[in-house]
Amino acid sequence: MAQNNVLKIPLDKYKNVKPDLAFFIYFAVMFCLYTNTWIQLGIQLFIIAYVIIRKINDYRITLKLDMIKNIVLFVLWFGMLTLLLYLSTKFWAYSYIIGSKTMLGVFRCFGIGMAIFLYVDSTEKAISLVQSFAYASVIMGIAALITTSPSQYFQAGDEGFGQVIGQQRNGIGAVAAGMSVICVYLKRYTDFKYGDYMAGFFVILTLLTGSRGSLIQLLILFVLIVIVDKDIYKMMTKIIVFIFAGAIIILLLRNIPILYENLWLRFEGLFTTISGESIDDASTQGREFFKEIAFEMFKDRPILGWGVDGFKCYLRDNPIYNGYYLDATYSHCNFSELMADLGILGLLAWYVPTFFILIKGFKNRDCHPLIKIFFFWLLSMIILDYARIPWETHPGSYQYFMVFLIIQYFSFEIKKLKNNKSSLETRKGL
């Protein structure tokens with residue numbers, strides 16, 4: 001069981017884990033019919049009722065210690081974020097946005113998160129939840145492809161990719177990038193029959209969204225998979241394959257007109273704008289301005305920030321920056337958004353628990369391939385927080401919920417293995 005002092009969980013332990021139908025239905029409906037308020041509320045009540053009934057049937061409402069630990073973690077993390085946002089509306093918010101659903105969206109994510117953390121009481125159920133999420137994400141991708149005009153592939157805006165189903169390209173891309181690698185590992189180590197095909201679908205979906213952040217996340221995941229390998233021969237082989245595949249992808253991007261115009265030129269503009277060589281990308285320039293503005297706001301109110309939607313409200317009232325007109329929008333960066341809206345308390349509420357889970361994943365990454373890939377996934381999500389705000393969307397929040405649960409329950413299993421090993425060694429010593 002032990003190799004280099006690392007306890008190993010059997011590779012085939014989760015081979016019979018299957019998706020949960022109820023959660024598949026819930027995720028699919030939320031992803032594709034999100035804009036219908038009553039359908040959204042109905043499906044949320046459905047999944048909460050399902051969890052309660054399952055708990056009554058399975059455990060007679062008894063709570064396992066590991067589950068209680070996770071619920072406490074969730075309350076201290078997402079619950080604290082929700083509480084800070086709510087209190088800001090009552091006491092210190094700078095202003096408000098008419099029609100804003102930020103507070104309602106976060107509150108509903110908190111309610112569903114509580115149901116998920118109550119339902120998942122084992123590694124197997126956490127994996128089953130991810131499987132359900134992956135299948136529902138395929139439905140979301142297909143729905144987005146069907147309802148978006150091909151002329152709007154790669155595009156943002158009111159008629160952009162995924163808008164008809166209430167999503168937008170960056171959100172869909174964020175889901176697709178992670179699922180592109182997660183599905184391969186689910187196929188290998190669980191009962192997930194079409195994982196390889198789904199991974200291919202998600203790679204293509206990520207490309208079609210035109211989301212640069214999602215493509216960067218996909219690249220980060222591939223690089224981590226390639227370079228983090230203790231077997232030097234395997235690592236070198238993967239590096240050679242990766243370089244060869246990368247060369248082919250670059251050739252395709254440079255020589256296929258639709259890819260060249262929508263991806264290559266946009267990445268080129270991104271890098272030249274960030275480097276300061278020239279202003280070739282207004283979106284990138286605007287995002288850099290957003291971070292500068294958010295930092296100035298943070299310096300003015302460092303402890304509690306400007307309250308819910310504070311950044312949007314500030315831009316609404318102060319749209320001119322460095323001679324440029326900026327639309328009232330979020331800051332496109334979780335770090336700067338939390339700094340501006342909730343100050344130091346918001347940053348600590350979100351990132352102290354997140355880095356706690358990240359460190360756990362790092363420590364236990366060699367115990368099973370699944371925990372390694374989920375550690376990679378969380379690391380890539382934290383890096384891409386530089387260009388996203390996960391807690392403002394349901395798919396973004398659910399991804400964090402799932403990765404927290406997976407790493408936590410793997411950690412609980414590994415701790416039990418260590419305790420059993422210590423007990424066995426103690427008995428032998430006696």
Side-chain angles (χ1 to χ4, degrees), residues 34-35 37 40-41 44 73-114 166-168 170-171 174 286-322 324-354 382 385-401:
Y34 177 73
T35 54
T37 302
Q40 179 188 156
L41 178 60
Q44 287 172 338
L73 173 65
F74 177 75
V75 171
L76 292 175
W77 167 59
F78 205 89
M80 183 60 69
L81 175 77
T82 306
L83 179 62
L84 285 171
L85 288 169
Y86 174 74
L87 290 177
S88 76
T89 66
K90 300 296 182 181
F91 300 108
W92 71 84
Y94 162 70
S95 185
Y96 66 93
I97 296 288
I98 297 176
S100 170
K101 296 182 179 179
T102 302
M103 190 66 248
L104 178 60
V106 172
F107 178 77
R108 287 191 174 180
C109 284
F110 173 73
I112 298 303
M114 281 295 293
Q167 303 294 342
Q168 47 91 21
N170 290 329
R287 293 184 185 212
E288 294 305 305
F289 286 162
F290 293 158
K291 295 177 183 66
E292 294 174 11
I293 294 169
F295 185 67
E296 293 299 320
M297 294 173 65
F298 173 72
K299 288 196 296 184
D300 288 341
R301 299 186 181 184
I303 306 300
L304 294 174
W306 295 62
V308 63
D309 289 326
F311 185 84
K312 295 180 185 178
C313 292
Y314 184 87
L315 276 188
R316 178 198 62 192
D317 297 341
N318 303 274
I320 306 300
Y321 183 77
N322 282 356
Y324 291 88
Y325 178 86
L326 301 176
D327 291 326
T329 183
Y330 60 94
S331 68
H332 290 73
C333 171
N334 200 41
F335 305 104
S336 60
E337 188 77 10
L338 287 172
M339 287 170 60
D341 290 357
L342 297 176
I344 292 173
L345 288 182
L347 281 171
L348 292 177
W350 184 267
Y351 281 110
V352 169
T354 299
I382 293 173
D385 275 356
Y386 184 77
R388 298 177 186 149
I389 302 175
W391 47 268
E392 279 201 337
T393 67
H394 283 266
S397 296
Y398 299 159
Q399 289 179 84
Y400 268 92
F401 296 167

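If you read the sequence from its start, that first residue is 1, and numbering goes on from there.
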| remark: To the nearest 0.5 Å, atom CG of L87 lies from atom CG of L345 at 10.5 Å
| said: Does the plane of the ring in F74 sit parallel, tilted or perpendicular to the ring in F401? Use 30° and 60° as the thresholds. | reply: perpendicular
| query | If you measure from CG on L342 to CD1 on I303, what distance do you get to the nearest 0.5 Å? | reply | 12.5 Å
| said: Measuring only between side-chain heavy atoms, which start at C-beta, is L338 closer than 4.5 Å to L81? | reply: yes
| remark: Of all heavy-atom pairs linking V308 and A93, the shortest is N-CB, 4.5 Å
| Do side-chain atoms of D341 reach the backbone of G310 as a donor and acceptor pair under 3.5 angstrom? | yes
| query | Do D385 and W350 come close enough that some side-chain heavy atom pair is under 4.5 Å? | reply | yes
| request: Decide if the gap between the ring center of F78 and the ring center of W391 is smaller than 6.0 angstrom. | output: no
| query | Would the F289 and Y324 ring centres measure less than 6.0 Å apart? | reply | yes
| field | P353 side chain near L73 side chain, heavy-atom distance below 4.5 Å | value | yes
| Is any side-chain heavy atom of I293 less than 4.5 Å from a side-chain heavy atom of L326? | yes
| message | Working note: T329 + R287, criterion side-chain contact (heavy atoms from CB on, under 4.5 Å); need CA distance, chi angles, decisive distance, verdict. | response | CA-CA 10 Å; T329 183; R287 293 184 185 212; over 6 Å; no
| request: Report yes if the side chains of S331 and M339 come closer than 4.5 Å at any heavy-atom pair, otherwise no. | output: no
| field | Considering all heavy atoms, the nearest T82-M103 contact | value | O-CE, 3.6 Å
| task | Any chance you could measure T102, atom OG1, to Y96, atom OH, to the nearest 0.5 Å? | result | 14.5 Å
| query | If you look only at pairs with a residue in residues 295-308, which of them pass as a salt bridge (charged side-chain N to carboxylate O under 4.0 Å, His left out), with sequence neighbours excluded? | reply | E296-K299
| remark: E292 and N322 have their tightest heavy-atom pair at OE1-ND2, 4.3 Å
| Mind checking whether Y351 and F335 have parallel, tilted or perpendicular rings, split at 30° and 60°? | parallel
| field | Gap separating the NZ atom of K291 from the SG atom of C333, nearest 0.5 angstrom | value | 5.0 Å
| said: Restricting to non-hydrogen atoms, name the atom on C109 and the atom on S397 that form the minimum distance, rounded to 0.1 Å. | reply: SG-OG, 3.6 Å
| Does NZ or CZ of K312 lie under 6.0 Å from the centre of the six-membered ring of Y94, at an angle within 45° of the ring axis? | no
| field | Between CD on residue Q40 and NE2 on residue H394, distance to nearest 0.5 Å | value | 4.5 Å
| If you look at every heavy atom in L315 and D327, which pair is closest and at what distance? | CD1-O, 3.4 Å
| For the atom pair CG (D309) and OH (Y330), what is the distance rounded to the nearest 0.5 Å? | 12.5 Å
| Verdict with reasoning, Q44 to R108, per side-chain contact (heavy atoms from CB on, under 4.5 Å) | CA-CA 8 Å; Q44 287 172 338; R108 287 191 174 180; 3.2 Å; yes
| message | Looking at L85, is its backbone amide N or carbonyl O close enough to the side chain of S88 to form a donor-acceptor pair, meaning the two atoms are under 3.5 Å apart? | response | yes
| task | Count the heavy atoms belonging to other residues, nucleotides or ligands that lie under 6.0 Å from OH of Y321, then report whether that count exceeds 12. | result | yes
| query | Taking C-beta and beyond as the side chain, do I97 and R316 meet within less than 4.5 Å on heavy atoms? | reply | yes
| Quick one: does W92's side chain have a donor or acceptor within less than 3.5 Å of a partner on L304's backbone? | yes
| query | Do F311 and F290 have ring centres separated by under 6.0 Å? | reply | yes
| request: For A349 and L84, work out which heavy atoms get closest and say how close. | output: CB-CD1, 4.2 Å
| request: Kindly assign one of parallel, tilted or perpendicular to the pair F110 and F107, based on the angle between their ring planes and the thresholds 30° and 60°. | output: tilted
| query | With a 4.5 Å heavy-atom cut-off, do Y398 and T393 have their side chains touching? | reply | no
